[in-house]
Structure formats: C-alpha cells, structure tokens
Amino acid sequence: MPIIGNIIKGVIEARDYLVPGRNHIESQKEVLYQLLQTAKDTAFGKRYDFEGILSSNNVQSAFVHKVPSFDYHTMNDTWWFRLHKGEQNVSWPGNPDYFALSSGTTGKTSKRIPVTNDMIDAIQKSGREQIYALSNFELSPEFFEKDILMLGSSTDLTEYEGHLEGEISGISAANIPSWFQGFYKPGAEIASIDDWDERVLAIAKRAKDWDVGAISGIPSWIELMLKFVIEYHDAKSIHDIWPNFQVYTSGGVAFGPYKKSFAALTTKPIQVIDTYLASEGFLASQTRPETSAMELNTANGIYFEFVPFNPDYILEDGSLAQDVPSLTLEQVEKDQDYILLISTVAGAWRYLIGDTIKFTDVEHAEIRITGRTKFFLNTVGSQLSVNKLNSAVQHLEKKLGVEIPEYTICAIDYDNEYYHHWYLGTPNPEKLSEEKAIQFLDEYLKEANKNYKVARSKALKGVKADWVTIETFHEWSAMNKKKGGQVKMEKVMKPEKFKEWKAFSSQIN
C-alpha cells in the first residue's frame, strides 16, 4: 500500500480544498504594488519615479505612462550592463548571484538575464503550486512516490565576473529545495555533466535503477533522450523501462507538433501538462485536465501586460514600437492575440519577452502561446503566426499519416519572385512527396488565413518544400551550441540564416 503517496496526495487535496480560488486581477495589482515598492530606491526606480507612481490614483495606468517598454537589448545596454561592473541596486535591490544565458534562436552570443534570489523563490513557489494543482488530475496515490526526471541544461554553472551563469533550467535544478531531493532524478552528479550526449548516456545506464513517474523538459530533447534510452536497453517502449511513467511536463515550445512522434515511444496513456518557464521567470502552467491552456502565475513576482497584436507594432528585428497600447489583465478579451510584456522580481521592467499569447479563459487567466514576435511571417503580407504554421504542419501529418515534429520556413526571393520555402523534419524523408506537401500546406493556409490567400494571389508566387531527417534539426542546434538546452528552434528564418540552413541541410541529407 502506498502509505507515503496517500499522505502526499491527501495533503495536496486538502490544501486545494481549503485554499480559495485566486482573484487574478487583484493578485496582479498586488504584485505590481510590491514590485514598485521594493524597487523604488533603485537607480531605475528613481529614474522613473516609482514613488510618484505609487502615490497616483491609478497605479497601473501611471506605470504604463511613466515607464517605457524594453526589450533585452535596450534593458541590457541601458541598465543591466552596470550589474557586470559590480553596481548595486540598478533595477532591483542588490546585485544578482546568477545570470541566465539565453541565445534565443540566433546561435549568437548569449543574452545574460539577471536571476535574483527573489526570482528563484518565485520559481520555486510556482513549482509548488503546480504540484498542488496535480490534485485536479486523476493520479493514483502510487504516483506521488515515484521519481521525477528533469532534463534541462547542466547544473555545472560557470563563474563569470563574480556571478554564476547557465541556462535557467540548470540554475533552477542547482537550487532544488531539500524536500524535493528524494524524488529528483537524474541527481546532482549526472545533472552536472556539461556534455548533453554524455549526460544522456549516464541516464541510460542508470535508467533501470529508477522508478520514474514523471518527466520534465523541452519536447525535442526529451524525445531524443527517450529514444536513446529505449535503444540502449533494446526495448520497444519507454514503458518497458519505466512502467509507471504517466506524467510529462512539457515546456519552452508548444507540445502539439511532437504529440504524434512522442506517442510512438509509449504504450500507456501519458498526461501531458504544459508549462511556460522562460529565462525571465516561471510564467504559467496547466492546472486543469479539461484544458491544455496554462494559467498565468499571477501572484508570484511577475506583473503582466498585454499589447493587442498588430503587425505594425512589431519592428523588423522583432522588437516593439514605443507608445503602443497596453492592457491589464482586467481589460483583455478571449481569443485575441496579444504581445506579452512582463515586469519581474529580477528587475525586468515592461519587458518584451518575445512571445505572443491568446486567452482561452479570462476568468481563470488561462492562455496559449501563439507564436514569437520574431517568428511572425509577414514578408509579403501573409501574416502567419507560428500557431497557424503549427496547425498547417499538423494538418499535413494527418493527410500523409507521418510524424513531422520539426520544421522551419522562410519567405525568400528566388529570381525576383517570393516563395515560402518549407523544410519538414520526419523519420523517413526519402519516402515522401514534396509535391503533396506543397499542395496540402498551400491549400490549408489559403483556407485558414485570408491574408495568406490574398498574398498568394499577388506577391507570394508559390510554395517550396524539402523533406529532411529530424536529426538535421538536432545537429543544427548542436552546431549552434544549443543541444539539450532551453532552445526554441527558429520556426521562421530570416533569409541570411536560411542560406546557412540550406547549405547545412544539403550536407546532412
């Protein structure tokens, strides 16, 4: 009888019963007040008169009018660079012990995003609330005694200019609370292995020693790890090795494109729970089984703003034009696309995180990620979000009966005529027709997006498609030093990058 599991499940269910539902709007007002109050004596707080904002009749409105929006480059070049010189109280009290490295999708020099102790506390609090939310799912008491495998970047952080730096998943794993250590796998020793392939080999060697009930990590790298573990043990399914595996916590990118290929590695039902952990904080997680949408973490150190999505608001580099309208949680509407701004306990203020979202349930503050500002494809007026591109690829999977967990696309000029050129990753690309891929993608997007249909009758001449191996995408990420990390594969490429991709792909395939 799972005595400990029954106790843990009982505690979680009792807490869920006793704690009243959260008022997300009031929580956000309180978070903004606390952020401003805590940072009012920093250089940033003095520059933008946080004292005056706090004394205004409408704090939320005054905040928007007095503080401009920032992206990473403007925030770093104006404020955060001073942290590396050892300055205190720049945009948040003190000087952070950690910086999260995030190279985004460019493969260029990593961004260094401050991670304060307050942010680590907020991430841990959001993690605990995600665990409490498991009471909403039909999980047996046995589940709460199983191991939890978390596969992110290495916990072997690098010391640089008096700080420790690494990817946010590595920083978070390096600060796992003591109460969680007994459940955590692969454990501190394996998690500190820097080389991703060596780390996965170490996991495979120990796999049968563990009773894994839940796995957490980026879908593409989790899938690659599961395949390796299955092959290493000459098994048919991951459930031959971990028979009690029943929860997968996804994060970083939408799970939809990986659903079909992930299912091929399992023989039992898996509860997929989506999360939204970025280098800047733990933004949201799925809390109810009846939806795959994620509830914003509205009470844990992050204040959210929502800019109505308009292509004219987004500059060529993916940044945001100044003086664009910004809404509070109280003002948003369901099923409208918004550009996300955040202010955090790490000293990010009105910060463009680069994601677009839409609300599926305003009362529950539940969202879906619909794309990236840099992944918005509008070169010839097609106005395609990543959400639409993902849907088109999933439609293609159904039409052809294949798995396509990876893809990238570029609007590129061939002999003075624009084409949308797709690269589609699949296990057996040599067996598939490029003509059918072109037909099905083009037909679907004409039906699903009126702007695309208009573009196809004017400046957008046609569609091209190439089938390549899934490994092509993995090796591309590895070449850019991002293998296994908190990486978002560029779904939409700029022409210069796409030329590099084409040359690389031709060598691999």
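Since the model is a prediction, treat every value here as computed from it, not as a measurement.
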**Student:** Do E290 and R288 pass the salt bridge (Lys or Arg N to Asp or Glu O under 4.0 Å) test, and can you show the C-alpha distance, the side-chain angles, and the key distance before you say yes or no?
**Tutor:** CA-CA 6 Å; E290 58 265 36; R288 300 189 297 152; 3.1 Å; yes
**Student:** Once you round to the nearest 0.5 Å, how far does CD of E280 lie from OH of Y72?
**Tutor:** 10.0 Å
**Student:** Within a reach of under 6.0 Å around NZ of K499, are more than 12 heavy atoms found that belong to other residues, nucleotides or ligands?
**Tutor:** no
**Student:** Going through the checks in order, is the ring pair (Phe, Tyr, Trp, His ring centres under 6.0 Å) test met by F137 and F143?
**Tutor:** CA-CA 11 Å; F137 298 83; F143 169 79; 9.8 Å; no
**Student:** For V67 and R350, work out which heavy atoms get closest and say how close.
**Tutor:**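 Where V67 meets R350 most closely, the heavy atoms are O-NH1, 2.9 Å.
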**Student:** Show your working on side-chain contact (heavy atoms from CB on, under 4.5 Å) between Y351 and T344 and close with a plain yes or no.
**Tutor:** CA-CA 9 Å; Y351 180 94; T344 77; over 6 Å; no
**Student:** Can you confirm whether F50 sits close enough to F44 that some side-chain heavy atom of one is under 4.5 Å from a side-chain heavy atom of the other?
**Tutor:** yes
**Student:** Testing D274, I357, T291 one by one against R368 for a side-chain contact (heavy atoms from CB on, under 4.5 Å), which residue passes?
**Tutor:**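 When D274, I357, T291 are each tested with R368, the side-chain contact (heavy atoms from CB on, under 4.5 Å) holds only for T291.
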**Student:** Could you go through the ring pair (Phe, Tyr, Trp, His ring centres under 6.0 Å) check for W349 and W79 one step at a time?
**Tutor:** CA-CA 11 Å; W349 296 101; W79 297 98; over 10 Å; no
**Student:** Please answer whether the main-chain N or O of A122 pairs with a side-chain N or O of N300 as donor and acceptor at a distance below 3.5 Å.
**Tutor:**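 No, N300 side chain to A122 backbone: no donor-acceptor pair under 3.5 Å.
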**Student:** Begin from the C-alpha positions of Q124 and N175 and carry the test side-chain contact (heavy atoms from CB on, under 4.5 Å) through to its verdict.
**Tutor:** CA-CA 9 Å; Q124 291 181 352; N175 286 276; 4.1 Å; yes
**Student:** Would R206 and E189 pass as an ion pair if we require N to O under 4.0 Å?
**Tutor:**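 E189 and R206: not salt-bridged.
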**Student:** Assess the residue pair R112 and N76 against the criterion (side-chain contact (heavy atoms from CB on, under 4.5 Å)); give the C-alpha distance rounded to whole Å, side-chain angles, the decisive distance to 0.1 Å, and a yes or no.
**Tutor:** CA-CA 8 Å; R112 288 183 164 87; N76 188 66; 5.6 Å; no
**Student:** Do the side-chain N and O atoms of E305 and S326 include a donor-acceptor pair separated by under 3.5 angstrom?
**Tutor:**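 Judged by distance alone, the side chains do pair up.
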**Student:** Are there over 12 heavy-atom neighbours, none belonging to K259, within less than 6.0 Å of that residue's NZ?
**Tutor:** no
**Student:** Can you tell me which residue among T155, D97, L101, V115 is in a side-chain contact (heavy atoms from CB on, under 4.5 Å) with I171?
**Tutor:** V115
**Student:** Can you tell me if Y258 and E223 form a side-chain donor-acceptor pair at under 3.5 Å?
**Tutor:** no
**Student:** Are P308 and Q336 close enough that some pair of their side-chain heavy atoms sits under 4.5 Å apart?
**Tutor:** no
**Student:** Pairing donors with acceptors under 3.5 angstrom, does anything connect the side chains of R82 and S91?
**Tutor:** no
**Student:** Locate the shortest heavy-atom distance separating S216 from I222; write the atom from each residue and the value.
**Tutor:**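 Answer, listing the atom of S216 first, then I222: O-CD1, 3.7 Å.
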**Student:** Centres of the F99 and Y160 rings: under 6.0 Å?
**Tutor:** no
**Student:** Taking E496 first and then K494, would you say they form a salt bridge - that is, a charged N and a carboxylate O separated by under 4.0 Å?
**Tutor:** no
**Student:** Please work out whether the ring planes of F306 and Y338 are parallel, tilted or perpendicular, with thresholds of 30° and 60°.
**Tutor:**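 It falls in the perpendicular class, over 60°.
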**Student:** Give a yes or no on whether Y313 atom OH has more than 12 heavy-atom contacts from other residues, nucleotides or ligands under 6.0 Å away.
**Tutor:** yes
**Student:** Under 4.0 Å between a Lys/Arg side-chain N and an Asp/Glu carboxylate O for D337 and K358?
**Tutor:** no
**Student:** Taking all non-hydrogen atoms of both residues, which atom of R199 and which atom of S153 are closest, and how far apart?
**Tutor:**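 The answer is NH1-C, 3.8 Å.
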**Student:** If every non-hydrogen atom of A174 is compared with every non-hydrogen atom of L157, which pair is closest and at what distance?
**Tutor:** CB-CD1, 4.3 Å
**Student:** Can you find a pair of side-chain heavy atoms, one from F262 and one from V272, that are under 4.5 Å apart?
**Tutor:**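 Side chain of F262 against side chain of V272, heavy atoms only: no contact under 4.5 Å found.
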**Student:** What's the verdict on side-chain contact (heavy atoms from CB on, under 4.5 Å) for L35 and V345, showing C-alpha distance, side-chain angles and the deciding distance?
**Tutor:** CA-CA 7 Å; L35 289 173; V345 288; 3.6 Å; yes
**Student:** Between OH of Y98 and CD1 of I120, what distance do you get to the nearest 0.5 Å?
**Tutor:** 5.0 Å
**Student:** In the structure I gave you, are the side-chain heavy atoms of W80 and K111 within less than 4.5 Å of one another anywhere?
**Tutor:** no
**Student:** How about CD on E363, more than 12 heavy atoms from neighbouring residues, nucleotides or ligands closer than 6.0 Å, or not?
**Tutor:** no
**Student:** Could you give the distance from CD (E87) to OG1 (T42), rounded to the nearest 0.5 Å?
**Tutor:**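 That separation rounds to 12.0 Å.
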**Student:** Could you tell me whether the side chain of Y276 reaches within less than 4.5 Å of the side chain of I353, counting heavy atoms only?
**Tutor:** yes
**Student:** Is the number of heavy atoms from other residues, nucleotides or ligands under 6.0 Å of D323 CG greater than 12?
**Tutor:** no
**Student:** Answer yes or no: is there a side-chain heavy-atom contact under 4.5 Å between E30 and Q34?
**Tutor:**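 Of all side-chain heavy-atom pairs linking Q34 with E30, at least one is under 4.5 Å.
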**Student:** Let me confirm one number: the CG-CD1 distance from L277 to I168, rounded to the nearest 0.5 Å.
**Tutor:** 6.0 Å
**Student:** Examine Y423 together with F498 and report whether their ring centres are nearer than 6.0 Å.
**Tutor:** yes
**Student:** How far apart are the closest heavy atoms of K66 and I53, and which atoms are they?
**Tutor:**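 Looks like CD-CG1, 3.6 Å.
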**Student:** Are I193 and L201 side-chain neighbours, meaning at least one heavy-atom pair lies under 4.5 Å?
**Tutor:** no
**Student:** Can you give me the closest heavy-atom contact between V362 and E333, atom names plus distance?
**Tutor:** CG2-C, 4.0 Å
